[in-house]
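Presented below is the structure to which this report refers.
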Amino acid sequence: MSQTLPSGSLSGKTALVTGSSRGIGADTVRYFAEAGANVVINFRNKAPRAEKLATQLRELGVEALVVGADLTDPVSVRAMFDEVERTFGGLDILVLNASGGMESGMAEDYALLLNRDAQVNVLETALPLLKDDGRVVFVTSHQAHFIRTTPTMPEYEPVALSKRAGEDALREKIPALEERGIGFTVVSGDMIEGTITATLLERANPGAIAARRGDAGKLYNVSEFAAEVARAAVDPVPADNTRLVGDTDSFGGE
């Protein structure tokens, strides 16, 4: 995993990444720590992984706070940010990375609850802690970002629709964020090799990954995509608040 942000460029800053005990979230939080930021590792049910990651990151000389929270539970979310405030006093970067909806055994409205309602609640709960020059990044997929014009696999459609609904609800907050100087960027990526979502899609639709790789020419891996997410938290906010990662030729407009 290569350095993506200049060493020390985030010294004195604090970054929280939801769903950061593994995958894209874990690599994103590692990039922030390598750049000198104190970090908050959020998990739902992977406490040992989160603690192991925190131990590794503390060796870089930064503080790492591990906080378990069910993002669909407002009380749990409030408790998480109370702990962040007690530990760090405030927050400079919030990355809304956690998502889901393909898990088995969940209620019918779970995808919408997690990917829209919870995302908005996490942002609203974090707002009092966010510094006036802070940054918010929402992580999504091309399959969700372009769902209105480009059909996706039936197995993923409910998730895609719920993530797009979450993106839209968050975008409505942009004027209020901008009033405080807080930047907001959506990072949308093509199918990412090695993610849980890609694995579940492949299980439901064998050959899906290879087919998409063939159409796109290249698929980003977890570390490569996480680097784009981390950079989105420090690069200038695009005019349309959107950072597209990977091929988009197969997708229509938004």
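Heavy atoms only: backbone and side chains are in, while hydrogens, waters and symmetry mates are out.
- Checked against side-chain hydrogen bond (donor to acceptor under 3.5 Å, both in side chains), Thr72 has the following partners two or more places apart in sequence or in another chain: Asp70.
- Ion pair Arg171/Glu167 flagged as a salt bridge, since at least one NZ, NE, NH1 or NH2 atom sits closer than 4.0 Å to an Asp/Glu carboxylate oxygen.
- Side chain of Asn97 to backbone of Val17: no donor-acceptor contact under 3.5 angstrom is found.
- At least one donor-acceptor pair closer than 3.5 Å links the side chain of Asn42 to the backbone N or O of Gly19.
- Nearest heavy-atom pair, Ser20 versus Val40, reported as atom, atom and distance to 0.1 Å: OG-O, 3.9 Å.
- Side-chain atoms of Arg58 come within 3.5 Å of backbone atoms of Ala64 as a donor-acceptor pair (strictly under, hydrogens ignored).
- One hydrophobic cluster holds both Val122 and Tyr110 under the rule that ILVMFWY side chains link at heavy-atom gaps under 4.5 Å.
- Judged by distance alone, the side chain of Lys163 and the main-chain N or O of Val139 form a donor-acceptor pair under 3.5 Å.
- Nearest approach of Gly89 to Leu129, heavy atoms of both residues: O-CD2, 4.3 Å.
- Ser76 approaches Ala69 most closely through the heavy-atom pair OG-CA, 3.2 Å.
- Residues Thr185 and Pro238 share a closest heavy-atom pair of OG1-CD, 3.7 Å.
- A donor-acceptor pair under 3.5 Å links the side-chain atoms of Arg164 to the main chain of His145, judged by distance alone.
- The two atoms that bring Ala33 and Val39 nearest to each other are N-CG1, 4.0 Å, heavy atoms only.
- Between atom CG of residue Leu16 and atom CG of residue Leu130 there is a gap of 9.5 Å, rounded to the nearest 0.5 Å.
- Within the 3.5 Å criterion, the main-chain N or O of Phe43 finds no donor-acceptor partner in the side chain of Arg49.
- Residues meeting the side-chain hydrogen bond (donor to acceptor under 3.5 Å, both in side chains) test with Asp240, sequence neighbours left out: none.
- Shortest non-hydrogen contact noted between Lys131 and Ile182 is O-CG1, 3.5 Å.
- In this structure, CG on Leu65 lies 10.0 Å from CE on Met80, to the nearest 0.5 angstrom.
- One N or O on the side chain of Ser188 and one on the backbone of His142 form a donor-acceptor pair closer than 3.5 Å.
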For residues 112-119, dump all side-chain donor-acceptor pairs below 3.5 Å to protein atoms at least two apart in sequence or in another chain.
from: Asn115; atom 1: OD1; to: Gly100; atom 2: N; distance (Å): 3.2
from: Asn115; atom 1: ND2; to: Gly100; atom 2: O; distance (Å): 2.7
from: Asn115; atom 1: ND2; to: Ala111; atom 2: O; distance (Å): 3.3
from: Asn115; atom 1: ND2; to: Ser162; atom 2: OG; distance (Å): 2.8
from: Gln119; atom 1: NE2; to: Ala98; atom 2: O; distance (Å): 3.0
from: Gln119; atom 1: NE2; to: Leu114; atom 2: O; distance (Å): 3.0

Inset, instruction - Could you go through the side chain to side chain contact (heavy atoms under 4.5 Å, CB included) check for Val234 and Arg135 one step at a time? - result: CA-CA 8 Å; Val234 298; Arg135 298 293 288 271; 5.5 Å; no
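- With hydrogens and angles ignored, the 3.5 Å screen pairs a side-chain donor or acceptor of Ser141 with a backbone N or O of Ala144.
- Using a cut-off of 4.0 Å between Lys/Arg side-chain N and Asp/Glu carboxylate O, Asp82 and Arg78 are scored as salt-bridged.
- Residues Phe32 and Val237 do not share a hydrophobic cluster, defined by chaining ILVMFWY side chains whose heavy atoms lie under 4.5 Å apart.
- Panel note: side chain Tyr31, backbone Glu228; no donor-acceptor pair is recorded below 3.5 Å.
- Remark: the backbone N or O of Thr14 is paired with a side-chain donor or acceptor of Asp92 at under 3.5 angstrom.
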